[in-house]
Undergrad: 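Please find one structure pasted underneath; my questions will follow.
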Amino acid sequence: MRALTKILLLLLTLTMVSCGGAAKKIQFKGIDSFKLHGWSGVDVSLIIDNGSSHKITLSEANVLFYLEESCVGEATLVQKAVAPQRTATAIPTRWKIRLADPIAALMVTNKIARKEYDGLYISFTAKAKMGWLKRKFSQERIPLSNFLRIFESPNSQDVRRNDF
């Protein structure tokens with residue numbers, strides 16, 4: 001589930017930093033809390049330092065998880081996530097998880113726990129707003145290993161935002 005958390009927070013962070021030149025003033029500082037609701041949902045509270053002069057809103061986000069060619073599940077943002085301007089604060093996010101194949105999802109979580117990312121992919125779509133600028137973006141079938149590499153750090157317990 002730690003990898004699921006990384007994926008969801010990376011999507012949130014990418015959304016928040018993808019809105020123009022103010023992105024250099026926005027940093028992901030870590031995870032404040034993580035609460036799993038069985039296999040149906042997850043609450044992730046992220047610490048975001050928004051040094052820009054604009055509020056950032058993630059209004060929609062969806063992540064699809066793949067094992068080889070099969071989609072095994074998806075996570076959908078349930079409510080808007082907002083990072084107020086010029087603050088460093090915890091941003092709560094709630095995600096609904098839908099599993100197309102619970103057995104395959106269990107296989108995926110076991111592979112992630114063993115750090116065996118071969119054959120694991122994700123796709124995502126998102127909508128964000130920063131000031132007057134709105135942006136929609138998506139990426140199809142990214143190898144999970146490439147996606148998680150953004151979060152590599154010397155201390156595996158410490159997840160930090162790298163430059164994008």
Undergrad: Shortest non-hydrogen contact from Ala81 to Pro92?
TA: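 Closest heavy-atom pair between Ala81 and Pro92: CB-O, 4.2 Å.
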Undergrad: I need the minimum non-hydrogen distance between Leu99 and Ala105, along with the two atoms involved.
TA: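 Minimum heavy-atom separation between Leu99 and Ala105: CD2-CB, 3.7 Å.
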Undergrad: Please find the pair of heavy atoms, one from Ala100 and one from Cys71, that lie closest to each other, and give the distance.
TA: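 The answer is CB-O, 3.6 Å.
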Undergrad: What closest approach, in Å, do Arg98 and Lys96 show between heavy atoms, and which atom pair accounts for it?
TA: NH2-CD, 3.8 Å
Undergrad: What do the steps show when you test Ser53 against Arg86 for side chain to side chain contact (heavy atoms under 4.5 Å, CB included), and what is the final call?
TA: CA-CA 6 Å; Ser53 60; Arg86 294 189 179 103; 3.1 Å; yes
Undergrad: Applying salt bridge (Lys or Arg N to Asp or Glu O under 4.0 Å), name anything that partners Arg94, two or more places apart in sequence or on another chain.
TA: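 Testing Arg94 for salt bridge (Lys or Arg N to Asp or Glu O under 4.0 Å), a comparison that skips the adjacent residues, returns Asp43.
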Undergrad: Any side-chain heavy atom of Leu106 sitting closer than 4.5 Å to one from Ile103?
TA: no
Undergrad: Assess the residue pair Lys129 and Glu60 against the criterion (salt bridge (charged side-chain N to carboxylate O under 4.0 Å, His left out)); give the C-alpha distance rounded to whole Å, side-chain angles, the decisive distance to 0.1 Å, and a yes or no.
TA: CA-CA 10 Å; Lys129 180 180 176 188; Glu60 295 178 21; over 6 Å; no
Undergrad: Do other residues, nucleotides or ligands put more than 12 heavy atoms under 6.0 Å from the NZ atom of Lys55?
TA: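 No, NZ of Lys55 has 12 or fewer neighbouring heavy atoms, counting only those of other groups under 6.0 Å.
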Undergrad: Within this structure, what is the NE2-CG distance for the pair His54 and Leu133, rounded to the nearest 0.5 Å?
TA: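 Answer rounded to 0.5 Å: 9.0 Å.
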Undergrad: Which heavy atom of Ala61 sits nearest a heavy atom of Trp95, and at what distance?
TA: CB-CH2, 3.7 Å
Undergrad: Closest heavy-atom contact between Asn50 and Ala83?
TA: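 What the structure gives for the nearest pair is ND2-O, 3.2 Å.
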Undergrad: Within this structure, what is the CG-CG distance for the pair Asn62 and Leu77, rounded to the nearest 0.5 Å?
TA: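 Those atoms lie 9.5 Å apart.
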Undergrad: What I'd like to find out is whether the side chain of Lys136 reaches to under 4.5 Å of the side chain of Lys134, using heavy atoms alone.
TA: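 No, too far: nothing below the 4.5 Å cut-off.
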Undergrad: To the nearest 0.5 Å, what is the distance between CD (Gln85) and CD1 (Ile56)?
TA: 10.0 Å
Undergrad: About how many Å separate CD1 of Ile142 and CG of Leu144, when rounded to the nearest 0.5 Å?
TA: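 Output value for this atom pair is 9.5 Å.
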Undergrad: Going through the checks in order, is the salt bridge (charged side-chain N to carboxylate O under 4.0 Å, His left out) test met by Glu116 and Lys111?
TA: CA-CA 5 Å; Glu116 297 173 4; Lys111 283 184 78 158; 5.6 Å; no
Undergrad: Using links of under 4.5 Å between side-chain heavy atoms of ILVMFWY residues, direct or through other members, which residues join Tyr66 in one cluster?
TA: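 Result for Tyr66 is Leu64, Tyr121.
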Undergrad: Would you say the side chain of Asp101 lies within less than 4.5 Å of the side chain of Ser70, judging by non-hydrogen atoms?
TA: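 No, their side chains stay 4.5 Å or more apart.
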Undergrad: Which value, rounded to the nearest 0.5 Å, describes the distance between Leu67 atom CG and Met107 atom CE?
TA: 5.0 Å
Undergrad: Carefully, step by step, assess Met130 and Ser52 under the rule side chain to side chain contact (heavy atoms under 4.5 Å, CB included).
TA: CA-CA 9 Å; Met130 182 174 176; Ser52 76; 3.4 Å; yes
Undergrad: Once rounded to the nearest 0.5 Å, what's the spacing between atom CD1 of Ile97 and atom OG1 of Thr76?
TA: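 Output value for this atom pair is 9.5 Å.
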Undergrad: Between Val78 and Trp39, is there shared hydrophobic-cluster membership here, with clusters defined by ILVMFWY side-chain heavy atoms closer than 4.5 Å?
TA: no
